[in-house]
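Structure first, commentary second.
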Amino acid sequence: MAKYNHKKVESKWHKKWLAEKVYEPDLKNAKNPFYNLMMFPYPSAEGLHVGNMYAFVGSDIHGRFKRMQGFNVFEPIGLDGFGIHSENYALKIGEHPMDQARVSEKNFYRQLQMIGNGFAWNEKLETYDPEYYKWTQWIFIQLYKKGLAYRKKSAVNWCPSCLTVLADEQVISGECERCGTKVIKKELEQWFFRITKYADKLLKGLDKIDWSEKVKIAQKNWIGKSEGASIKFRLTDVTGQKDGKHFVEVFTTRPDTIFGVTFIAISPEKAKFWLDIGWQVSEEVKEYITKALSDRVTRDQNQDKDKSGIFSGISAINPANNEKVPVWISDYVLAGYGTGAVMGVPAHDERDLEFANKFKLAISGAPLVSIEEGIKKSVGKKTTQFRLRDWLVSRQRYWGAPIPMIHCEKCGWQPVPEKDLPVRLPYIKNFRPTGTSESPLAADEKFFKVKCPKCEGVARRETDVSDTFLDSAWYYLRYASVKDKKYAWDQAVTKKWFPVDMYIGGAEHSVLHLLYVRFLAMVFKDLRLTNFDEPFKKFRAHGLLIKDGAKMSKSKGNVINPDEYIKNYGADVLRMYLMFLGPFDQGGDFRDGGIKGITRFLDRVWNLSQTLNLKSQNDNPKLQIVLNKTIKKVTEDLENLSYNTSVSALMVLLNEFEANMESVGKNELEVLAKLMAPFAPHMSEEIFREILKNKKSIHITPWPKFDSKLVKDKEVDIVVQVNAKMRAVIKMPVDSLQKDVEEAAKNNENISKYLTSPVKKVIFVKDKFINFIV
RNA sequence: GCUCGGGUGGUGGAAUGGUAUACACACAGGACUUAAAAUCCUGCGCCGCAAGGCUUGCGAGUUCGAGUCUCGCCCCGAGCACCA
């Protein structure tokens with residue numbers, strides 16, 4: 001009996017699959033396209049993380065299943081290699097990011113090859129390839145032309161370790177998404193994308209896409225739509241003249257509480273703005289404003305929720321009842337949300353209550369009115385506010401796509417002419433972040449010294465690079481047109497393949513990548529560059545993989561290196577084990593001991609293929625039923641990504657085969673091989689082609705069909721209860737009538753002894769269950 | 001604080017309101033072996049000699065019947081966090 005040599009078998013099929021183009025769909029002419037996409041990796045660290053492997057295998061299994069169901073599956077792969085993540089790693093090991101990219105690329109592609117996924121290798125892409133980022137820059141220009149990319153000075157997130165600004169989405173609980181350092185605020189002029197323009201659309205679109213519910217909820221909360229009213233309060237004094245001509249406008253979701261207003265609170269930023277236009281206040285108030293503003297910059301945003309504040313010295317008039325209320329300046333009022341001012345209603349808002357208690361402001365007992373009346377009485381205006389802020393896209397780092405803009409003293413900001421793209425990232429020796437709020441590219445005169453595209457005068461090229469999340473916000477479009485020199489994506493191909501049919505990735509990208517991608521897709525549609533506004537029809541988040549009950553981390557030294565496991569056990573074992581750990585959407589606990597179960601299973605499958613008599617005919621009706629049931633179960637489970645239960649169904653099938661070896665023949669082996677092909681593509685192929693002597697790859701042969709007449713047993717176990725307590729299990733022919741089951745049950749001695757008093761009621765469920773109430 | 005997931009044997013985990021603990025790991029006993037590993041067979045929720053009883057974080061409820069539905073708690077994980 002030939003022993004199974006996973007190394008030989010796996011590398012043999014890798015070569016053949018490539019040569020036979022098993023996983024290369026005809027992108028132009030495919031009849032039945034299915035775009036199966038997985039989030040591409042950051043190729044930065046020591047190699048591919050087993051967590052990536054887990055996600056990729058889970059995605060690949062779905063793709064292989066769809067391919068066998070007759071779809072032309074497109075399953076591309078690439079590297080999200082630009083960005084802080086890769087650059088930080090290069091810095092850490094003392095290599096130049098541009099050199100390191102080539103090393104990481106080779107290693108990653110080797111590992112991705114080893115795992116045996118059905119990737120369309122001809123379409124691979126890397127975001128740091130000038131042929132790719134040329135189009136990233138082109139996209140930036142399209143947004144700029146439509147007024148969706150703009151510069152603005154504001155208090156932005158700054159990571160003191162990565163030495164760059166960050167988008168709001170990249171600050172996780174007050175810390176830098178990449179390095180975990182506490183983020184501070186800095187007042188800087190930066191490039192933004194106007195994602196807020198699409199806030200409502202981003203929210204509404206969620207209703208029509210089939211995505212993991214938790215991701216939709218996270219996006220909904222992040223967008224944070226609030227409906228309410230803006231109400232103007234007349235001020236008694238702002239500029240020193242007691243003219244009453246000035247107003248403060250507040251936003252509230254509770255106009256019904258208008259009569260309970262006991263104070264107005266404005267943000268320090270708004271107060272500063274008033275100062276700048278001539279507001280006269282005491283020195284004490286000025287000091288408070290200065291301090292509050294500087295605290296905003298340095299304060300740890302995660303702690304210290306203690307509210308501070310000061311009475312400004314002026315009052316405002318409640319338009320609903322003409323009552324005078326004091327105007328306070330407080331740090332609990334955010335500058336970037338609503339109008340930067342709130343009406344204080346301590347009776348109905350916890351924060352207002354806390355503030356009122358601290359500063360002894362009186363709580364009003366005024367009654368509520370209806371929302372409509374509140375708005376009417378206060379002459380307010382119905383408005384909607386979003387929590388979402390514009391996407392800050394510029395970064396003061398080296399390893400990214402240069403922002404394709406040029407600044408001319410005379411003509412202002414000018415986009416780089418499209419014919420001049422790409423703006424190549426130069427190879428500069430000193431690529432370290434500077435910390436001066438400027439990119440290291442600002443030290444490269446050859447790079448930034450350019451002519452103005454408009455007046456040809458002396459101008460300066462933008463030296464910031466764009467956020468990595470811009471690279472990854474459109475990569476799925478490029479995959480299908482990766483060879484196109486003329487356009488970012490080919491119209492005909494795009495029409496055929498998009499939107500993506502199935503996207504699989506991590507839920508940690510809920511309000512990062514997954515939000516940005518949707519935004520840009522909507523922009524592309526509006527620019528008539530595509531014909532769809534939601535990029536992914538279906539998205540499923542996979543769970544987190546842990547090791548022996550703990551999170552994997554380098555510091556704990558419990559990070560799994562997939563290479564070792566592939567070497568020792570083979571890719572098929574690793575794939576199948578990863579899927580068997582637990583529900584794919586919930587993750588699982590990787591324990592070395594558990595691998596044995598899968599190793600044994602695949603060994604037994606191999607032994608079966610070596611020892612059975614291929615000429616055997618299956619004349620065993622029970623085995624036929626098990627076989628058909630398994631086909632049904634695995635088919636349904638693969639559709640739902642319930643991988644752990646399909647593996648267990650395959651195990652049950654193997655157990656049955658082994659117990660009925662005389663009935664297991666060519667057909668049975670072929671069905672087993674096909675059902676396990678998505679999980680263990682190498683061994684399945686070996687069995688299908690070398691033992692069963694098929695010419696074509698198993699991965700492009702039709703998925704087994706089940707006979708719906710054969711998924712039901714001929715005889716079923718019926719649970720018999722007396723007063724809802726189980727007393728017996730009886731075997732009955734399938735579809736037995738109530739009267740027959742009743743009779744059989746009553747004749748059962750376990751039952752008859754409980755039926756001493758007359759039966760009051762019988763509850764019967766066909767083929768399952770009968771309950772006598774006495 | 002708010003919003004999502006979860007809580008089932010020694011462990012990972014199965015269960016359209018209808019036999020809770022499938023499948024696997026670990027463990028124990030046996031076979032094979034000079035021996036070990038591998039492999040194969042048997043057992044394996046708890047109490048009990050048994051008959052039987054108990055068991056899905058805790059407490060109520062709906063139902064003939066609840067791991068599953070409803071309400072109130074407790075614990076764990078993830079996300080958001082002064083968004084007015």
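Fair warning: this is a prediction, and the values are worked out from it, not measured in the lab. A note on names: the letters A, B, ... follow the listed sequences, proteins ahead of strands, and every chain is numbered from 1.
Each side chain to side chain donor-acceptor pair (under 3.5 Å) pair with one or both residues in residues 254-265 of chain A, not counting sequence neighbours, appears once here: Arg254(A)-Asp256(A). Residue pairs that meet the side chain to side chain donor-acceptor pair (under 3.5 Å) test with at least one member in residues 646-656 of chain A, sequence neighbours left out, are Arg604(A)-Asn655(A).
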Kindly give the atom pairs (protein nitrogen or oxygen, nucleotide nitrogen or oxygen) under 3.5 Å for nucleotides 44-54 of chain B.
| residue | atom | partner | partner atom | Å |
| --- | --- | --- | --- | --- |
| G53(B) | OP1 | Arg727(A) | NH1 | 3.4 |

Using a cut-off of under 3.5 Å, enumerate the N/O to N/O pairs linking the protein to nucleotides 37-41 of chain B.
| residue | atom | partner | partner atom | Å |
| --- | --- | --- | --- | --- |
| U39(B) | OP1 | Arg600(A) | NE | 3.3 |

I need a per-nucleotide contact map over nucleotides 4-14 of chain B, read 5' to 3'. Cutoff is protein heavy atoms under 4.0 Å; write B for the base, S for backbone only, - otherwise. S------SBSS

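For the salt bridge (charged side-chain N to carboxylate O under 4.0 Å, His left out) test, residues two or more places apart in sequence or in another chain that qualify with Asp589(A) are Arg591(A). With sequence neighbours excluded, the residues that form a side chain to side chain contact (heavy atoms under 4.5 Å, CB included) with Lys291(A) are Asp295(A). Lys152(A) is linked by a side-chain hydrogen bond (donor to acceptor under 3.5 Å, both in side chains) to nothing, counting only residues two or more places apart in sequence or in another chain. For Glu715(A), the side chain to side chain contact (heavy atoms under 4.5 Å, CB included) partners at least two apart in sequence or on another chain are Lys731(A). Residues passing the side-chain hydrogen bond (donor to acceptor under 3.5 Å, both in side chains) test with Asp200(A) are Lys204(A), Lys225(A), sequence neighbours excluded. With sequence neighbours left out, the side-chain hydrogen bond (donor to acceptor under 3.5 Å, both in side chains) criterion links Tyr288(A) to Ser308(A).
Look at Asn655(A) and you'll find a side-chain N or O under 4.0 angstrom from OP1 or OP2 of A24(B).
You won't find any donor-acceptor pair under 3.5 Å spanning the side chain of Lys761(A) and the base of C64(B), going by distance alone.
For Val729(A), the side-chain atoms get nearest to U19(B) when compared with the rest of A78(B), U19(B), C64(B).
In RNA chain B, stems built from 3 or more consecutive Watson-Crick or G-U wobble pairs, each with both distances under 3.5 Å, span B:1-7 with B:74-80, B:10-12 with B:23-25, B:27-31 with B:39-43, B:45-47 with B:52-54, B:57-61 with B:69-73.
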